[in-house]
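One structure below.
Every number for a ligand or one of its atoms is a count from 1 in the order of the listing. For reference, positions follow the sequence shown, starting with 1.
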Amino acid sequence: MTVQEQDRATLRIGDHEWVLPVVAGTEGERALDIRTLRRETGLITFDPGFANSGSCESTITYIDGEHGILRYRGYDVEELAEQCEFVEVAYLLIHGSLPNHAQRAEFSRLLNLHSLVHEDMIHFFSHYPDRAHPMAILSAMVVSLSSFYPELGENRREDIDMTVTRVLSKLRTIAAFSYKKSLGEPIVYPRHDLKYCDNFLNMMFSSPVVKDPINPVLADALNKLLILHVDHEQNCSSTVVRAVGSAEANLYASISAGICALSGLLHGGANQHVIEMLIDIRANGGRVDSAIERAKDHKDSYRLMGFGHRVYKAYDPRARVAKQICKDVMAATGQLDPLLDIAQELEFKALADPYFQERNLYPNVDFYTGLTYRQMGIPTDMLTVMFAIGRLPGWVAQWLEMRGDGEPRIVRPRQIYTGPGKCSVIPIDQRP
Ligand code: SDX
């Protein structure tokens with residue numbers, strides 16, 4: 001389905017009038033179609049941060065920010081997290097429907113086929129400084145994949161399943177290898193007899209002296225958490241993936257750019273900063289009230305990390321599921337984490353505070369997820385890498401949709417220039 005004209009709007013400036021279409025999507029959200037605006041009126045729109053602008057139409061993800069609804073291809077995220085495996089949801093995002101047994105088996109075969117990285121890539125890890133952030137390594141390794149598969153440049157449609165499953169499988173391997181290298185431990189290779197999440201946990205935590213580190217409770221929690229992150233329509237990193245892909249850059253270069261965008265602390269990097277914030281609060285005697293007061297003070301750059309959202313003006317449905325996963329895992333492992341108590345007190349007091357109520361600030365996806373990853377033993381600086389592993393199918397689906405729209409137009413917004421008028425060069429000897 002494409003956007004349907006539903007109404008018309010009249011723009012009147014002085015004694016000029018123009019009529020613009022009003023279009024609507026499947027769930028009734030409406031937009032002013034301004035695709036002919038500059039040609040007809042000479043005007044552009046002005047919307048820094050694009051909070052009021054739709055960059056595309058998409059059939060992938062639907063968010064109702066006012067009611068806290070998130071659906072991938074029409075399925076509620078809560079139902080997918082409860083009933084599906086991450087690989088099935090990845091298939092859903094990329095192919096548009098949940099796989100049957102045969103499709104699932106073929107998808108898994110391709111993921112296994114591509115789970116190794118070229119042995120030459122393993123040497124790359126040895127030359128990063130010890131304190132290199134895993135997201136910087138991940139982005140560099142993903143764009144480097146292009147050099148091992150030069151045919152990528154042709155962007156041939158018939159190669160797409162190989163190209164897509166290759167990066168879906170290798171991203172998980174690169175993340176685990178990067179972690180092992182940071183510990184100085186031998187890397188653990190992927191195995192064809194393990195499912196996606198078990199394989200990742202095995203690569204991360206088994207070693208010559210630790211066999212079978214996979215706790216099924218944690219593997220199940222990882223499966224659910226990855227599903228929660230799979231896509232989120234036109235968020236910052238997905239917009240970057242689309243923009244880079246619109247220039248005809250290959251999929252791996254586009255994904256690498258998306259990883260860089262996700263690393264920002266206002267975006268996916270927030271999950272790492274949530275844990276650091278909770279650790280700081282605990283170190284300061286657990287005084288939640290002072291953290292809340294700082295977050296409300298605009299003279300202080302401090303914000304409650306994991307709180308607030310551009311689209312959700314209600315509780316992020318992913319945060320609700322992530323909170324329950326965290327409590328279930330702690331109950332199952334018996335490893336209680338005092339940071340959860342601090343997080344819950346922070347949430348309770350913030351949601352009771354008029355400052356947060358007036359601005360519709362609620363916990364977002366990043367508020368509780370890091371606490372569960374801590375239960376798995378995943379280090380704080382790898383939390384955004386976990387976000388990237390979950391988000392990868394969404395980035396791929398967004399890229400494919402953008403490239404599938406006939407002849408994609410390169411993303412190139414306009415601006416309002418407010419700089420100096422025309423100047424003439426003064427020779428340097430005569431400059432003041
Ligand atoms: C993700 O877009 C997506 O879908 C992203 C994501 C995805 O799945 O891809 O959902 C993942 O990035 C989640 C967000 C993770 N980031 C954080 O948790 C960082 C903390 N949150 C904020 O920085 C902020 O809420 C943003 C960046 C998430 C949203 O910023 P907006 O939409 O630009 O909102 P804003 O900065 O204009 O804030 C509106 C008001 C301001 O106060 P006033 O100027 O109106 O008085 O709310 C205040 C802000 O100061 N505010 C906060 C706050 N978030 C907003 N005040 C204190 N703490 C906060 N966390």
Sub-4.0 Å heavy-atom contact, Leu361 with ligand 1: yes

Greater than 12 external heavy atoms within 6.0 Å of Tyr355's OH: yes

Test side chain to side chain contact (heavy atoms under 4.5 Å, CB included) applied to Asp7 - qualifying residues, sequence neighbours left out: Val22, Arg30

Heavy-atom neighbours of Arg8 CZ exceed 12 at 6.0 Å: no

Backbone N/O of Arg287 and side chain of Asn284: donor-acceptor pair under 3.5 Å: no

Numbered atoms of ligand 1 (with element) below 4.0 Å of Ala270, judged on heavy atoms: 15 (C), 16 (N), 17 (C), 18 (O)

Ring-face cation contact, Tyr91 with Arg104, 6.0 Å cut, 45° max: no

Close approach of His229 to ligand 1, heavy atoms, under 4.0 angstrom: no

Side chain Gln103, main chain Asn100, donor-acceptor under 3.5 Å: yes

The one among Arg359, His309, Met305, Arg294 that brings a heavy atom closest to atom 10 (O) of ligand 1: His309

Asn364 (side chain) donor-acceptor with His309 (main chain) under 3.5 angstrom: no

Protein contact to atom 43 (P) of ligand 1 [nearest heavy atom, distance to 0.1 Å]: His298 NE2, 3.4 Å

Nitrogen or oxygen atoms of His232 and ligand 1 under 3.5 Å apart: yes

Residue and atom name of the nearest protein heavy atom (relative to atom 56 (N) of ligand 1), distance in Å to one decimal: Tyr355 OH, 2.9 Å

Nearest-contact summary for atom 28 (C) of ligand 1 - protein heavy atom, Å: Gly308 O, 3.7 Å

Heavy atom of protein closer than 4.0 angstrom to atom 58 (N) of ligand 1: yes

Heteroatom proximity flag, Asp316 to ligand 1, N/O under 3.5 Å: no

Plane angle bin for Phe367 and Phe307 - parallel if under 30°, tilted between 30 and 60°, otherwise perpendicular: perpendicular

Per atom 35 (P) of ligand 1, closest listed option by heavy atom (Arg303, Met277, Glu233): Arg303

Close approach of His273 to ligand 1, heavy atoms, under 4.0 angstrom: no

Check: Gln234 and Ser58 side chains under 4.5 Å, non-hydrogen atoms: yes

Beyond-backbone contact of Asp33 with Val3, side-chain heavy atoms, under 4.5 angstrom: no

Candidate with minimal heavy-atom separation from atom 12 (O) of ligand 1, of His267, Lys313, Glu358, Arg318: His267

Crowding at CZ, Arg282 (>12 non-hydrogen neighbours, <6.0 Å): no

Closest approach of any protein heavy atom to atom 14 (C) of ligand 1, naming residue and atom: Asn364 ND2, 3.5 Å

Any N or O of Phe307 closer than 3.5 Å to N or O of ligand 1: yes

Among Arg191, Lys170, Arg172, Met203, side chain to side chain contact (heavy atoms under 4.5 Å, CB included) partner for Ser115: Arg172

Aromatic ring pairing Phe148/Phe124, orientation class (parallel under 30°, perpendicular over 60°, tilted between): tilted

Atom 26 (C) of ligand 1: any protein heavy atom closer than 4.0 Å: no

Protein heavy atom under 4.0 Å of atom 17 (C) of ligand 1: yes

For ligand 1, the portion of Lys296 having any non-hydrogen atom under 4.0 Å away: neither

Output field: ring centroids Phe86/His229 closer than 6.0 Å: no

For Asp366, the ligand 1 atoms whose distance to one of its heavy atoms is below 4.0 Å: 1 (C), 13 (C), 15 (C)

For atom 2 (O) of ligand 1, closest protein heavy-atom neighbour: Asn235 CB, 3.5 Å

Under-4.0 Å protein heavy-atom contact, atom 32 (O) of ligand 1: yes

Protein heavy atom at shortest distance from atom 29 (C) of ligand 1: Arg310 N, 3.9 Å

Atom indices of ligand 1 within 4.0 angstrom of Ala295 heavy atoms, with elements: 56 (N), 57 (C)

Arg391 to ligand 1, any heavy atom closer than 4.0 Å: yes

Contact check: Leu304 vs ligand 1, nitrogen or oxygen atoms, below 3.5 angstrom: yes

Check: Val411 main-chain N/O paired with Ser246 side-chain donor or acceptor under 3.5 Å: yes

Proximity to ligand 1 by part of Leu266, non-hydrogen separation under 4.0 Å: both

Close approach of Gly306 to ligand 1, heavy atoms, under 4.0 angstrom: yes

Between Tyr196 and Phe107, ring centroids under 6.0 Å: no

